> 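Below is one structure. I have some questions about it.
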Number of protein chains: 4
Amino acid sequence: MKTLRGCTSANDTRKCIVEVATRVFALHGFQRAPLSLIAFEAGVSKSLILWYFGSKDSLVLEVAKHVLPLDIVSGCLGQEDLGAQGLLECIGSRYLRKYSSSLMASLLLQTISLENTYTEIRMLLDKLCTGYVREIARRVFGEPLNKEKVAKIRIFMGSLLCYSLRPIESIDASKYLESLIKLIMH
Amino acid sequence: MKTLRGCTSANDTRKCIVEVATRVFALHGFQRAPLSLIAFEAGVSKSLILWYFGSKDSLVLEVAKHVLPLDIVSGCLGQEDLGAQGLLECIGSRYLRKYSSSLMASLLLQTISLENTYTEIRMLLDKLCTGYVREIARRVFGEPLNKEKVAKIRIFMGSLLCYSLRPIESIDASKYLESLIKLIMH
Amino acid sequence: MKTLRGCTSANDTRKCIVEVATRVFALHGFQRAPLSLIAFEAGVSKSLILWYFGSKDSLVLEVAKHVLPLDIVSGCLGQEDLGAQGLLECIGSRYLRKYSSSLMASLLLQTISLENTYTEIRMLLDKLCTGYVREIARRVFGEPLNKEKVAKIRIFMGSLLCYSLRPIESIDASKYLESLIKLIMH
Amino acid sequence: MKTLRGCTSANDTRKCIVEVATRVFALHGFQRAPLSLIAFEAGVSKSLILWYFGSKDSLVLEVAKHVLPLDIVSGCLGQEDLGAQGLLECIGSRYLRKYSSSLMASLLLQTISLENTYTEIRMLLDKLCTGYVREIARRVFGEPLNKEKVAKIRIFMGSLLCYSLRPIESIDASKYLESLIKLIMH
DNA sequence: CATGAATGAGCCTTCATTCAT
DNA sequence: AATGAATGAAGGCTCATTCAT
């Protein structure tokens, strides 16, 4: 195998391409980033990327799926020993860490924009904004679920998104999260 | 002047183009929407669009600037007789109305994504997220300004964004806004 | 009439356009120079240029015709009191003066290139290189005309062209002309 | 590889494209000749041309460089056994042969016109008109170099150019060259 | 005379994709 | 698994030209 540039996982070409593509997509946008640039950055040929992924769309989709915070949310929900506040802390801290670089934040935004283009993205977002949000609400505020409880979790998620997109210089992530949770939990 | 299709302001070609472009960009994305499609939808020639705007980029920029909620925020800030809660209600209700259609919401998202491409968009977002947010915080919570107050307004804005992107079926906009303001004002 | 910029003959729009066009064509080339640029430089509208000349091609032709040295040659030939050397001096000095600016020299080159595009240019060049050259040869070397005499005049003309295109820094035009005439007249 | 039409070097796509482009440029002019025409004439796709050359400008430049007579001059200067007259005969005969077709002559003219557009062309012309001309002058007339010697070589080159552009029907190239050299060497 | 609005043809270029090796 | 060669579709943009006023 050729030496691949700028890859952490240097021994798996496929993973390496995804890794490089993520970076390039973040910098240039899914549409604007040509396969040739990704190929160049990864030190492979365009053809190889297509050999692995079949089409640019598939690559975009693969990257996009990794970008969404579904893994974080499902991961924290899986920790059944977490209390109400613990769950929010778990999600919040991992969320803010994942999108702490402006590259990842930009990519998140772009991925959400893709929901009109890729059905799969829309379904994932549905799962996140409806299914998971309701599950979090249940875990945090207890049964029975009502509108206000759901709204609060949405506010929680929205505030995380908004901070990731434009971190407030004078307030670091953990302080912000602390204020946010206090507000939500009242 | 030719009969222009699908235009409210049928007697001003330039405005009509912006109007149609806004719709087309929302549906297909800034990048994916070709000028030819906008031209077709507006019933004019591609050349005419370029004659008015010089380049596709300029048209994108013009549309993008109209999409951001700066007009709303500055408009409400201008109403000096509004109290703390009144100000938030003003901004919130207009915001949720502006982006009540999924088209406008999608466009807002895409516009934010453009901040790495167009300096002017970045500056407007800076103005919104720094300047205006601080001014709102001052008006709502009074001097002296501190981090927590700013954070709360950011939470307010982020929650509006998040709801616009994915309205909660069971909760209508006004109820959501009410809950949100209660939370913020505590 | 609008104030026309950069025109010597400010009171004749048509002449002014030709004047400005000559300059713009010299700088950018006949093909590359758009009518809009000429219009801008002349301070008139594109439409007006077309109103006067009918088409860009006609304007190009009009400028091109003025650029060729036919006027010089026929002018000097018209001075019947000139001797052999006097005739060459007349032609040579006016020629080198006309194309002393690199703009005019560049334009001359481009005009010659046009002979495959515009029949009229080809005919003018034919007239210059065949008719006039033979007439000069007759006046300079006397009857009967032979190949060598014609060749010498062609050498004379070619040398003038070549110097105009790339003046020799260390040799000024009059010195060059002097050497040239000495060579030709033997 | 596809069968390439109208190519001498049929087994080298890149060379074939240059060859066809040279012909097409000569007929239509660098500007007027669209890539699509060259592609059609060469029996390849436009895209392939761009794949090889990157841009039309690069192709133009590549063709233009081959058109200038630098190869001839440097080739003859390299033959150190040539005497004064032999050197001029070498350059003159090759020169007149290279541009014996009106296509090549036209292309030469156009290439010179490009010196305002492409720096590289200007540099090559500088090398030809200054460096090489002085070297020829030294070889032909011996040290020390003076203005008159340089001027004579310039006259020599200019006369070659002028004859190439418009061969004299009644005088064939070798006769013309003979007269020219006699004149120069006096 | 003079202009702005509007158009259409054409061109360079980008880019995803295919194919042979 | 990997690549270079080759293609075609599509898009943005330039620019001469036309038309109504």
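Only a predicted model underlies this, so the values are computations on that prediction, with no experimental measurement involved. Order of the sequence lines fixes the chain letters, A, B, ..., with proteins taken first and strands second; residue numbering starts at 1 for each chain.
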> Counting C-beta onward and ignoring hydrogens, is there a side-chain heavy-atom pair between Phe30(C) and Lys56(C) closer than 4.5 Å?
no

> Under the salt bridge (Lys or Arg N to Asp or Glu O under 4.0 Å) rule, collect the residues that match up with Arg32(D), sequence neighbours excluded.
none

> Report yes or no: does Tyr52(B) contribute a side-chain atom to a donor-acceptor pair with the main-chain N or O of Lys15(B) at less than 3.5 Å?
no

> By nearest atom, which of the nucleotides dC15(E), dA2(E), dT3(E) is closest to the Pro34(A) side chain?
dC15(E)

> Mapping Ser36(B) and Ala33(C) to their closest nucleotides on DNA chain F, which lands nearer the 5' end?
Ser36(B)

> List DNA chain F stems (3 or more consecutive Watson-Crick/G-U pairs, under 3.5 Å)?
E:2-21 with F:2-21

> Do Val18(D) and His66(D) pass the side chain to side chain contact (heavy atoms under 4.5 Å, CB included) test, and can you show the C-alpha distance, the side-chain angles, and the key distance before you say yes or no?
CA-CA 10 Å; Val18(D) 172; His66(D) 287 317; 4.1 Å; yes

> Can you tell me how far C1' of dG4(F) sits from CZ of Arg14(D), to the nearest Å?
15 Å

> Atom CD1 of Ile17(B) to atom C1' of dA6(E): distance rounded to whole Å?
10 Å

> Which nucleotide in the list dA6(E), dG8(F), dG11(F) gets nearest to the side chain of Ser45(B)?
dA6(E)

> For the residue pair Ile38(A) and Leu59(A), establish whether any side-chain heavy-atom pair is separated by less than 4.5 Å.
yes

> List, with names and distances, any nitrogen or oxygen atoms from the protein found under 3.5 Å away from nitrogen or oxygen atoms belonging to nucleotides 17-21 of chain E.
unit_1, atom_1, unit_2, atom_2, d
dT17(E), OP2, Lys56(A), N, 2.8
dT17(E), O4, Lys46(A), NZ, 3.2

> Can you confirm whether Cys16(C) sits close enough to Asp12(C) that some side-chain heavy atom of one is under 4.5 Å from a side-chain heavy atom of the other?
no

> Which residues pass the side chain to side chain donor-acceptor pair (under 3.5 Å) test with Ser36(D), not counting sequence neighbours?
none

> Roughly, in whole Å, what's the span from CD in Gln31(B) to P in dA10(F)?
18 Å

> Can you check the Phe53(D) CZ to dT14(E) P distance for me, whole Å?
16 Å

> Specify the separation, in whole Å, of atom CZ of Phe30(C) and atom P of dA16(F).
14 Å

> Holding to side-chain contact (heavy atoms from CB on, under 4.5 Å), I want the full list of residues that pass it with Ser55(D), two or more places apart in sequence or in another chain.
Asp57(D), Ser58(D)

> Please identify each residue that fulfils side-chain contact (heavy atoms from CB on, under 4.5 Å) with Leu61(D), with sequence neighbours left out.
Tyr118(D), Glu120(D), Ile121(D)

> Could you state the atom-to-atom distance from CZ of Phe40(B) to P of dG11(F) in whole Å?
14 Å

> Please state how far atom CD1 in Ile49(D) lies from atom C1' in dC11(E), giving the value in whole angstrom units.
13 Å

> With a 4.0 Å limit, can you tell me whether Tyr52(B) has a side-chain N or O closer than that to the phosphate oxygens OP1/OP2 of dA6(E)?
yes

> In whole angstroms, how far is the P atom of dG8(F) from the CG atom of Leu48(D)?
11 Å

